[in-house]
2 protein chains.
Amino acid sequence: MREVWHPPADEITLAGVMHALSDPARLHILGRIAQAEDGEPCSDLAEDIALHKSTVSHHYRVLREAGLTRTEVDGRSRVIRLRQDDLDKRFPGLLPAVLAAIDV
Amino acid sequence: MREVWHPPADEITLAGVMHALSDPARLHILGRIAQAEDGEPCSDLAEDIALHKSTVSHHYRVLREAGLTRTEVDGRSRVIRLRQDDLDKRFPGLLPAVLAAIDV
DNA sequence: AATAAAGTTGGATGGATGTCCAACCATCCA
DNA sequence: TGGATGGTTGGACATCCATCCAACTTTATT
């Protein structure tokens, strides 16, 4: 796989975003992504997660296909970033509120 | 059934709230509740919903058990209100962002 | 070239979920 | 008292989902 598919910004749905955020593991992962240094590979992020790597990969895909994250292939690792601009345009204030709520 | 159970404010979880909001029908219902006059019975709210009444009842329960709504029994009908204060204390800014996003 | 590392994919499985239907419970009204 | 009304409950059913495992692909290292 060379290219990774992402939904266009205007196809991101509220229900889809909510579903992606309805799992504790994905909320945890999203928190890690938000904390990460820019360009930090996702293998670093998943270190404290007690889940099989294929399960983590599955969660990454759900987040990406919901429009929450953008995945960039860099060698044999991937860099994952939040789609902050797209999300804030489509659902203003939602992502910051979620990120603030994750560490409660 | 005389009394209806509600989760205490500090037991409302982010994942639980997100899950309750991950269904299009529930998002629609939540939008109707937010628009409703105060004290308006929920039978009015469900008029435009093309779902069996037991299904709507099921969605009401999911919203309530997630901590999003408070249900008050009034005779043979129920009045449903958003738990705005509890939610804003626990997840500041989340509910307004969701409500603003529903009508997009 | 051979091995290791980072992720993905497909299958299997147990559990949750949305929906409908039929039956039921309360309550209001004639 | 008897019927209509607003809602809930339990069952049934099809679908989806989180998780793990094994096998695979691609890239980097020695």
Side-chain angles (χ1 to χ4, degrees), chain A residues 1-6 13-30 32-33 36-37 39-66 68-81, chain B residues 1-6 13-30 32-33 36-37 39-66 68-81:
Chain A
M1 167 190 308
R2 191 116 325 277
E3 291 297 315
V4 196
W5 179 84
H6 295 85
T13 69
L14 182 59
V17 167
M18 291 312 199
H19 167 253
L21 298 176
S22 69
D23 184 274
R26 283 196 290 269
L27 286 175
H28 180 82
I29 290 173
L30 199 78
R32 300 296 315 259
I33 294 174
E37 304 281 323
E40 194 169 2
C42 63
S43 56
D44 292 6
L45 306 179
E47 273 170 349
D48 65 332
I49 301 177
L51 288 174
H52 198 277
K53 62 175 182 171
S54 66
T55 304
V56 176
S57 177
H58 161 71
H59 286 314
Y60 280 137
R61 181 171 50 191
V62 173
L63 290 172
R64 171 171 51 85
E65 292 183 346
L68 280 161
T69 59
R70 191 173 294 281
T71 299
E72 196 177 316
V73 179
D74 175 25
R76 69 183 150 177
S77 87
R78 281 112 177 101
V79 176
I80 300 183
R81 293 186 179 85
Chain B
M1 166 191 306
R2 191 115 325 277
E3 292 297 315
V4 195
W5 179 84
H6 295 86
T13 69
L14 182 59
V17 167
M18 291 312 198
H19 167 253
L21 298 176
S22 69
D23 184 274
R26 282 195 291 268
L27 285 175
H28 180 82
I29 290 174
L30 198 80
R32 300 296 314 258
I33 294 174
E37 304 280 323
E40 193 168 3
C42 63
S43 56
D44 293 5
L45 307 178
E47 272 172 350
D48 64 334
I49 301 177
L51 288 174
H52 198 275
K53 61 176 183 171
S54 65
T55 304
V56 176
S57 176
H58 161 70
H59 287 315
Y60 279 138
R61 180 170 49 192
V62 173
L63 290 172
R64 172 171 51 84
E65 292 183 346
L68 280 160
T69 59
R70 190 173 294 282
T71 299
E72 197 177 315
V73 179
D74 176 23
R76 69 184 149 176
S77 86
R78 278 112 178 102
V79 176
I80 301 183
R81 295 185 178 84

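Computation of the quantities below employed the complete heavy-atom set of this structure, encompassing side-chain atoms and omitting hydrogens, waters and symmetry-equivalent molecules. All chains are named by letter (A, B, ...) in the order of the sequence lines, taking the proteins before the strands, and each is independently numbered beginning at 1.
In this structure, A:Tyr60 places its OH atom 15 Å from P of C:dT9, rounding to the nearest Å. Here D:dG7 presents its P atom at 14 Å from NE2 of B:His52, a figure rounded to the nearest Å. Protein atom CG of B:Leu51 is 17 Å distant from nucleotide atom P of C:dT17, rounded to whole Å. Going from atom CH2 of B:Trp5 over to atom C1' of D:dT9 covers 18 Å, rounded to whole Å. Rounded to whole Å, the distance from NE2 on B:His58 to P on C:dT17 is 8 Å. Remark: P of D:dA18 and CD1 of A:Ile49 are 14 Å apart, rounded to the nearest angstrom. Note: CD (B:Glu72) to C1' (D:dT8) measures 18 Å, nearest angstrom. Whole-Å rounding puts the A:Asp74 CG to C:dA5 C1' distance at 14 Å.
Between B:Thr55 and C:dG18 there is no side-chain polar atom (N or O) within less than 4.0 angstrom of OP1 or OP2. Using a 4.0 Å cut-off, no side-chain N or O of B:Ser54 falls inside it from OP1 or OP2 of C:dC20.
How far OH of B:Tyr60 is from CG of B:Leu30: 10.5 Å, rounded to the nearest 0.5 Å. Atoms CE and CZ, on B:Met18 and A:Arg26 in that order, are 11.5 Å from each other to the nearest 0.5 Å. Separation of atoms CZ (B:Arg61) and CG (B:Leu63) is listed at 11.5 Å; rounding is to 0.5 Å.
C:dG15 is paired with D:dC16 under the Watson-Crick or G-U wobble criterion, all donor-acceptor distances under 3.5 Å.
Across all non-hydrogen atoms, the minimal contact from B:Leu68 to B:Ala20 is CD1-CB, 3.7 Å. In plain terms, the two heavy atoms of B:His6 and B:Thr69 that are nearest each other are CD2-O, 3.6 Å.
Which of D:dG6, C:dG7, D:dT8 sits closest to the side chain of B:Ser77 comes down to D:dG6. Proximity note for B:Lys53 (side chain, C-beta onward) versus C:dA23, C:dG7, C:dG18: the nearest is C:dA23. Listed nucleotides C:dT27, D:dT8, D:dT9 differ in distance to B:Arg76; the shortest reach to its side chain belongs to C:dT27. When distances are taken from the side chain of B:His59 to each of C:dC21, D:dG6, C:dT19, the shortest belongs to C:dT19.
The side-chain hydrogen bond (donor to acceptor under 3.5 Å, both in side chains) test applied to B:His52 returns B:Ser54, not counting sequence neighbours.
Within residues 15-26 of chain A, the residues approached by DNA chain D to less than 4.0 Å at the level of any non-hydrogen atom are A:His19, A:Asp23, A:Arg26, in residue-number order.
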